[in-house]
Amino acid sequence: MLPTHVKVVEVGPRDGLQNEAALVPAHIKIDLVNRLSAAGFANIEVTSFVSPKWVPQMADNAAVLAGIDRRPGTSFSALTPNVKGLENALKCSVDEVVIFGSASETFSQRNIACSIAESIERFRPLVQCAKEANLRVRGGISMVFGCPFEGDVPLRAVIDVVERMAALGCDEIDLADTIGVATAGHVEETIHAVSEVFPKERLAGHFHDTYGQALANVLASLQAGISIFHSAVAGLGGCPYAKGATGNVATEDLLYLLHGLGIRTGVDLEQVVEAGEFISAHLGRRPVSRVNNALTAKRLASAERATC
Ligand code: HMG
Ligand code: MG
């Protein structure tokens, strides 16, 4: 039985734009976030409070958060790898912070410069302070379905990190296919196993689309009882510390699938298509979204017919 409502977390401004070679100006990011919140998202991952030496693309975090409209009904979230990141995020009035770990040791070292065990100890005071400040805390787990450095990732390694993040007090846990290698059967098996140790209702699917499997993985997740998904407008993105990984599933494609199944999201697809056009025009390329390109072509054709 499929859910009747799905929460879509728009991660394009963070997961997408962190990967752009050319820095995107803060005013463009602000315009993008405002267009996305007007479209009705319950949650937008706006930026990250990470070291600017590691990810210079997110160094304008404070300016972006200061510039956006705070639409009631939208939660504005940001990544925080350590207490320093949390302190900076708190000054910018975020609604939710995201700690991010890994199910693979090598990626943990490459992405946040510490082992998995060390990362949990680093997150402990962060989560405590975030809770004291009444913030929601999300726990992101990378490389759940495979790692570019270690290959297959054992399910027991995934369960282990989920248990540790749950014990820290995470409100929601994101299962991330960072390099987009997962297939539907693997996703289904993983969700069934993870939901033995953490409630399914608070698990999210974060699928990158490198191998073109993201929508199939979303459908498998829906059938396994998941009702929170991450996606990026125009299919933006990748991960700077996982070479070859492409963007998240495009939000336009995800919404088309969900709405086609009669699942409510509260998000206006047309407005997301326009936001995708806006950011893609700035980046000088077409959106990486079949649905965006199809709907844009349809709109242009009907505008042409109207002027004939
Ligand atoms: P480190 O070098 O071990 O940090 O990096 P450190 O504590 O030794 O500090 C070194 C310098 O960084 C110091 O500055 C600190 O003040 C500064 P210096 O004295 O040299 O001038 N620093 C900071 N500055 C600003 N904000 C901070 C901060 N912390 C330290 N929060 C660290 C450790 C975690 C900081 C670093 O590895 C880092 O920033 N990593 C983040 C990498 C990243 O953002 N990756 C992409 C996001 S994850 C992702 O995309 C995956 C996801 O989408 C899910 C999926 O798909 O898998 C979520
Ligand atoms: Mg990601």
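Whatever order the structure lists ligands and atoms in, that order sets their numbers, starting from 1. All of these numbers come straight from a predicted model, not from anything done at the bench.
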What I want to know is whether F49 and ligand 1 share at least one N or O pair that is separated by under 3.5 angstrom.
yes

Judging by distance only, is a nitrogen or oxygen of R14 under 3.5 angstrom from one on ligand 1?
yes

Taking only heavy atoms of I112 into account, list the atoms of ligand 1 that are under 4.0 Å away from them.
33 (C), 34 (C), 37 (O)

Going by distance alone, is a donor N or O of one side chain under 3.5 Å from an acceptor N or O of the other, for E277 and T296?
yes

Going by the 4.0 angstrom heavy-atom rule, the piece of V55 near ligand 1 is side chain

Proximal atoms of ligand 1 relative to A176 (non-hydrogen, under 4.0 Å)
54 (C), 55 (C), 56 (O), 57 (O)

For V11, the hydrophobic cluster (side chain heavy atoms closer than 4.5 Å, chained through members) also holds V9, I228

Under a 4.0 Å N-O cut-off, is there an ion pair linking R138 with E96?
yes

Derivation and outcome, side chain to side chain contact (heavy atoms under 4.5 Å, CB included), residues E201 and S227:
CA-CA 7 Å; E201 304 69 43; S227 56; 5.5 Å; no

What angle sits at the Mg ion (ligand 2) between NE2 of H208 and NE2 of H206, to 10°?
90°

Between R124 and Q128, do the side chains contain a donor N or O and an acceptor N or O under 3.5 Å apart?
no

Closest candidate by heavy atom, reference atom 28 (C) of ligand 1, pool Q109, Q18, K84:
K84

With a 4.0 Å cut-off on heavy atoms, does H230 reach ligand 1?
no

Enumerate the atoms of ligand 1 whose separation from the nearest heavy atom of R122 is less than 4.0 angstrom.
34 (C)

Can a salt bridge be assigned to the pair D69 and R35 using a cut-off of 4.0 Å between side-chain N and carboxylate O?
no

Flag yes if L23 and V55 sit in one hydrophobic cluster, no otherwise; membership is Ile, Leu, Val, Met, Phe, Trp, Tyr, and two members link when side-chain heavy atoms are under 4.5 Å apart.
no

Record the part of L79 in heavy-atom contact with ligand 1 below 4.0 Å; permitted values are side chain, backbone, both and neither.
side chain

May I ask you to identify, for P81, whether its side chain, its backbone, both or neither come under 4.0 Å of ligand 1 on a heavy-atom basis?
side chain

Within a distance under 4.0 Å of any heavy atom of N82, pick out the atoms of ligand 1 and give their elements.
27 (C), 28 (C), 29 (N), 30 (C), 31 (N), 35 (C)

Checking the N or O distance criterion of under 3.5 Å, is ligand 1 in contact with S48?
no

Close-contact set for ligand 1 against S142 heavy atoms, below 4.0 Å:
51 (C), 54 (C), 55 (C), 57 (O)

May I ask you to test the W54-P81 pair for a side-chain heavy-atom distance under 4.5 Å?
no

Would you say M58 touches ligand 1, if touching means a heavy atom closer than 4.0 Å?
no

So the atoms of ligand 1 within less than 4.0 Å of a heavy atom of H208 turn out to be 56 (O)

Side chain to side chain contact (heavy atoms under 4.5 Å, CB included), that's the test. Do D15 and H208 meet it? Break it down for me.
CA-CA 10 Å; D15 206 348; H208 286 258; 3.3 Å; yes

Going through the distances and angles, do I173 and I141 end up as a side chain to side chain contact (heavy atoms under 4.5 Å, CB included)?
CA-CA 7 Å; I173 292 184; I141 306 178; 3.8 Å; yes

Counting from 1, what ligand 1 atoms have a heavy atom of G85 closer than 4.0 Å?
31 (N)

So which of T74, N43, N248, T251 actually passes side chain to side chain donor-acceptor pair (under 3.5 Å) with E10?
T251

Please work out which of the three classes, parallel, tilted or perpendicular, describes the rings of H186 and F145, given edges at 30° and 60°.
perpendicular

Are any of the heavy atoms in P52 under 4.0 Å away from ligand 1?
yes

Looking at side-chain heavy atoms only, is the closest gap between V288 and D209 below 4.5 Å?
no

Atoms of ligand 1 under 4.0 Å from any heavy atom of K53, numbered from 1 in the order shown, are 18 (P), 20 (O), 21 (O)

Any heavy atom of D15 under 4.0 Å from ligand 1? The part involved is side chain

Nearest non-hydrogen atom to atom 41 (C) of ligand 1 belongs to which of V11, N248, N111?
N111

Do the side chains of L79 and F49 get nearer than 4.5 Å, heavy atoms only?
no

Looking at ligand 1, does any of its N/O atoms fall within less than 3.5 Å of an N/O of S51?
yes

Nearest to the Mg ion (ligand 2), which N, O or S atom of D15 do we find?
OD2

